[in-house]
Amino acid sequence: MMFTACNDDELKKVETVKLQQEALNANRTFGAEVIYSDSAKVKAKGFAPVLDKVTPKTGGNYQEMPKGVKVEFYDELQASKGTITSEYAIMKETEQITIFRKNVVVINANLTFNTEELVWNQNTKTFTSPKGIITKPDGTVINAINFTAPEDFSTVAFENAYGETYIKGDLTQ
């Protein structure tokens, strides 16, 4: 047999934990699809196996995708022009940012970008990452630090990069 006892301070701690748990409201959706549009045109669609909409009592609503997400981007004619996939994502509504984490892969016609964290800022319409690997269709591989790109990944900027590139033609001439 085992007996245990709690003093008044320990009971207050338990009550505090209980109150904090009650201050959180979460709604779970399975097989969620989120559509991002601008000026009545669909720009992207996100697919998540599990989407948790969380409303803390203190504010700062967010949407969490604990089982990963795939975002597909579209051009003006609604043709697919690229994807982002990750094993985890969180959309922070107040800050207007989405953070993709764990095995993040961006693919479009110009590049493939692999990283462990990618942040999309909805206000500045840019993607940033502390580091990652850029692979281009010609075989160029760049290890990039402080990666930045606009929403459409039409251009990329980075610092302190190193890698391999391939040059077509005869360099002896």
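Please read all numbers here as calculations on a predicted model, not as lab measurements.
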Donor-acceptor check, side chain of Asn121 to backbone of Lys125, threshold 3.5 angstrom: yes or no? no

Any chance NZ of Lys81 has more than 12 other-residue heavy atoms, nucleotides or ligands included, within less than 6.0 Å? yes

If you take all heavy atoms of Ala109 and Pro137, which pair is closest and at what distance? O-CG, 3.4 Å

Could you grab the distance from atom OG1 of Thr126 to atom CD of Glu151, nearest 0.5 Å is fine? 8.5 Å

Grab the two heavy atoms, one from Thr55 and one from Asn61, that are nearest each other, plus how far apart they are. CG2-OD1, 3.3 Å

Is there a path of hydrophobic side-chain contacts, each under 4.5 Å between heavy atoms, that joins Ile107 and Phe153? no

Within this structure, what is the NZ-CZ distance for the pair Lys53 and Arg28, rounded to the nearest 0.5 Å? 14.5 Å

I'd like to know if the side chain of Glu95 pairs up with that of Tyr62 as donor and acceptor (distance under 3.5 Å, no hydrogens or angles considered). no

For residues Val156 and Leu111, determine if any side-chain heavy atom of one lies less than 4.5 Å from a side-chain heavy atom of the other. yes

Please check this pair: side chain of Ser129 against backbone of Glu117, looking for a donor-acceptor N/O pair closer than 3.5 Å. yes

Quick check: do Ser86 and Leu118 have side-chain heavy atoms less than 4.5 Å from each other? no

Please say whether more than 12 non-hydrogen atoms of neighbouring residues, nucleotides or ligands are located less than 6.0 Å from CD in Glu76. no

Would you find a donor on one side and an acceptor on the other, under 3.5 Å apart, between the side chain of Asp52 and the backbone of Val54? no

Can you name the nearest heavy-atom pair linking Ala89 to Val69, along with the distance? CB-CG1, 3.6 Å

Pick out which of Ile134, Ile142, Thr115, Val106 makes a side chain to side chain contact (heavy atoms under 4.5 Å, CB included) with Phe147. Ile134

Distance-only, no hydrogens or angles: does the Ser39 side chain make a donor-acceptor pair with backbone N or O of Lys41 under 3.5 Å? no

Report the distance from atom CZ of Phe100 to atom CE of Met91, rounding to the nearest 0.5 Å. 8.5 Å

Is the backbone of Leu51 close enough, under 3.5 Å, to the side chain of Gln63 for a donor and an acceptor to pair up by distance? no

Full working for side-chain contact (heavy atoms from CB on, under 4.5 Å) between Val105 and Thr112: CA-CA 7 Å; Val105 180; Thr112 299; 4.1 Å; yes

Checking salt bridge (Lys or Arg N to Asp or Glu O under 4.0 Å) for the pair Lys45/Glu72: CA distance, chi angles, key distance, verdict? CA-CA 5 Å; Lys45 288 183 184 178; Glu72 191 160 4; over 6 Å; no

From Gln96 CD over to Asn123 CG, what is the distance, rounded to the nearest 0.5 angstrom? 5.5 Å

Say whether Ile90 and Ile97 are linked into one hydrophobic cluster, either directly or through other cluster members, by side-chain heavy-atom distances under 4.5 angstrom. yes

Gap separating the OG1 atom of Thr98 from the CD atom of Glu93, nearest 0.5 angstrom: 9.5 Å

Nearest atoms (heavy-atom pairs only) where Gly68 meets Pro49: O-CD, 3.4 Å

Which atom names give the shortest non-hydrogen contact between Tyr74 and Ala44, and what distance separates them? CD1-CA, 4.1 Å

Set out, in order, the CA-CA distance, both residues' side-chain angles and the distance that settles side-chain contact (heavy atoms from CB on, under 4.5 Å) for Phe73 and Tyr36, then state yes or no. CA-CA 9 Å; Phe73 296 94; Tyr36 172 71; over 6 Å; no

Hydrophobic clusters here meaning ILVMFWY residues chained together by side-chain heavy-atom distances under 4.5 Å, can you tell me if Phe47 and Val104 are in one? no

Starting from Ile99, can I reach Tyr88 by hopping between I/L/V/M/F/W/Y residues whose side chains sit under 4.5 Å apart? yes

Same apolar cluster: Val50 and Ile84, side chain cutoff 4.5 Å: no

Where do Thr128 and Thr148 come nearest, in terms of heavy atoms and distance? CG2-OG1, 4.0 Å

